[in-house]
Number of protein chains: 2
Amino acid sequence: MYEKKIPLPLECGLMMTREVLGGKWKPNLLFAIVEGINRPSQLQRAIPGATKRVLNLQLRELEEFGVIAKKIYPQLPPRVEYSLTEVGQTLLPILLQMNTWGEQNRTLIETVIAERSKR
Amino acid sequence: MYEKKIPLPLECGLMMTREVLGGKWKPNLLFAIVEGINRPSQLQRAIPGATKRVLNLQLRELEEFGVIAKKIYPQLPPRVEYSLTEVGQTLLPILLQMNTWGEQNRTLIETVIAERSKR
DNA sequence: CGGCATCCGCCAAGATACTG
DNA sequence: CAGTATCTTGGCGGATGCCG
């Protein structure tokens, strides 16, 4: 019985997920959308660190991957709302875990970063 | 009763985790180490896409964050072994979920990527 | 309000070669 | 086998401004 013929098939699932969540603000965007912050202007306000352009780019990518859906209301002023798709919902557990892990280890991480910048 | 004074405290846990897992090969490295592929040369072979240099850089960062431990055997030829720390163990659930999610949605993702490159 | 065009700086990551 | 030094690059993300 062969345990594992090929040591690592590059553990490709990780790369796949990375492809989807890889953008700097994508996790935050998904997180925000779930919480009901689902309009572009709201998202901009919720994520002050990112510019309109970047958020748009990343939103489009998320949309291309079928993770979020974009609803356009043809009116003036224009109105757009994002929502998680079924597939997007399946990402929630991961995001939640990432968030709580980060919270739990925040002091550790901050310490290391502070330490690092001393050099 | 104020529901949420500040809409998003930038959902900082996500950024923390990102800081630790952000490198291109870090998830793969952790995954491999858990599976017993814990020596530099082994890791290089298991992850053909990355160069020695990059792997070293990312391994060092993981070590700085206290996620992996580095054991050096002072002998010739030199021998080094990495292992997950307690903290590192707590990352496993996340990595596993990311991996399985990627596997489950591999065809979707590959399709989108193929589509994208047509333009 | 939502979206896009343009320009630019930076840094993570690739390529290569050398030392112990 | 493990690690480092040097050089280069691609592209992601930041900044700004214009348009419907």
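Since the structure is predicted, the reported quantities are computational estimates derived from the model, not experimental observations. Both backbone and side-chain heavy atoms feed into the values below; hydrogens, waters and symmetry mates do not. Letters A, B, ... mirror the listed sequences (proteins, then strands); counts begin at 1.
Contact annotation: B/Lys70 does not reach the phosphate of D/dA2 (side-chain N/O to OP1 or OP2, under 4.0 Å). Neither OP1 nor OP2 of C/dA12 sits under 4.0 Å from any side-chain N or O of B/Gln58.
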What string of B, S and - do you get for nucleotides 15-20 of chain D, 5' to 3', when a contact is any protein heavy atom under 4.0 Å? B----B

Evaluate side chain to side chain contact (heavy atoms under 4.5 Å, CB included) for B/Trp25 paired with A/Arg18, printing each intermediate quantity in order. CA-CA 10 Å; B/Trp25 305 103; A/Arg18 189 187 159 68; over 6 Å; no

Decide side chain to side chain contact (heavy atoms under 4.5 Å, CB included) for B/Arg39 and B/Arg79; before the verdict, give the C-alpha distance in whole Å, the side-chain angles of both, and the deciding distance to 0.1 Å. CA-CA 8 Å; B/Arg39 298 185 54 184; B/Arg79 176 191 181 92; 2.9 Å; yes

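The interatomic distance linking B/Arg60 (CZ) with C/dA12 (C1') rounds to 14 Å, in whole Å. Atom CG in A/Leu55 sits about 12 Å away from atom C1' in C/dG2, given to the nearest Å. Note: CG (B/Leu59) to P (D/dC1) measures 16 Å, nearest angstrom. Between the CD atom of A/Gln75 and the C1' atom of C/dG3 there is a distance of 16 Å, rounded to whole Å. Atom CD in A/Gln42 sits about 13 Å away from atom P in C/dG3, given to the nearest Å. The distance between atom NZ of A/Lys71 and atom C1' of C/dG2, rounded to the nearest whole Å, is 17 Å. Rounded to a whole Å, the CD atom of A/Gln44 is 13 Å from the P atom of D/dG14. In this structure, the CD1 atom of A/Ile72 is 13 Å from the C1' atom of C/dC1, given to the nearest Å.
Nearer to the 5' terminus of DNA chain D, by closest-nucleotide assignment, is the contact made by B/Glu81 (compared with the other of A/Gly22 and B/Glu81). Between A/Glu61 and B/Ser41, the residue anchored nearer the 5' end of DNA chain D, judged by the nucleotide with its closest heavy atom, is B/Ser41.
Nearest nucleotide to the B/Lys24 side chain, out of C/dA13, C/dG3, D/dT4: C/dA13. The B/Val54 side chain lies nearest to C/dG14 when the options are C/dC1, C/dG14, D/dG3. Closest contact between the side chain of B/Asn56 and the listed nucleotides C/dC4, D/dG3, C/dG14 involves D/dG3.
Nearest approach of A/Lys26 to A/Val20, heavy atoms of both residues: CD-O, 3.1 Å. Nearest heavy atoms, B/Phe31 versus B/Leu96: CZ-CD2, 3.8 Å. Nearest heavy-atom pair across B/Thr85 and B/Ile68 is CG2-C, 3.6 Å.
Between B/Gln58 and B/Leu29 there is a side-chain heavy-atom pair separated by less than 4.5 Å.
Between A/Arg60 and A/Glu63, no side-chain nitrogen of the basic residue sits less than 4.0 Å from a carboxylate oxygen of the acidic one, so the salt-bridge criterion is not met.
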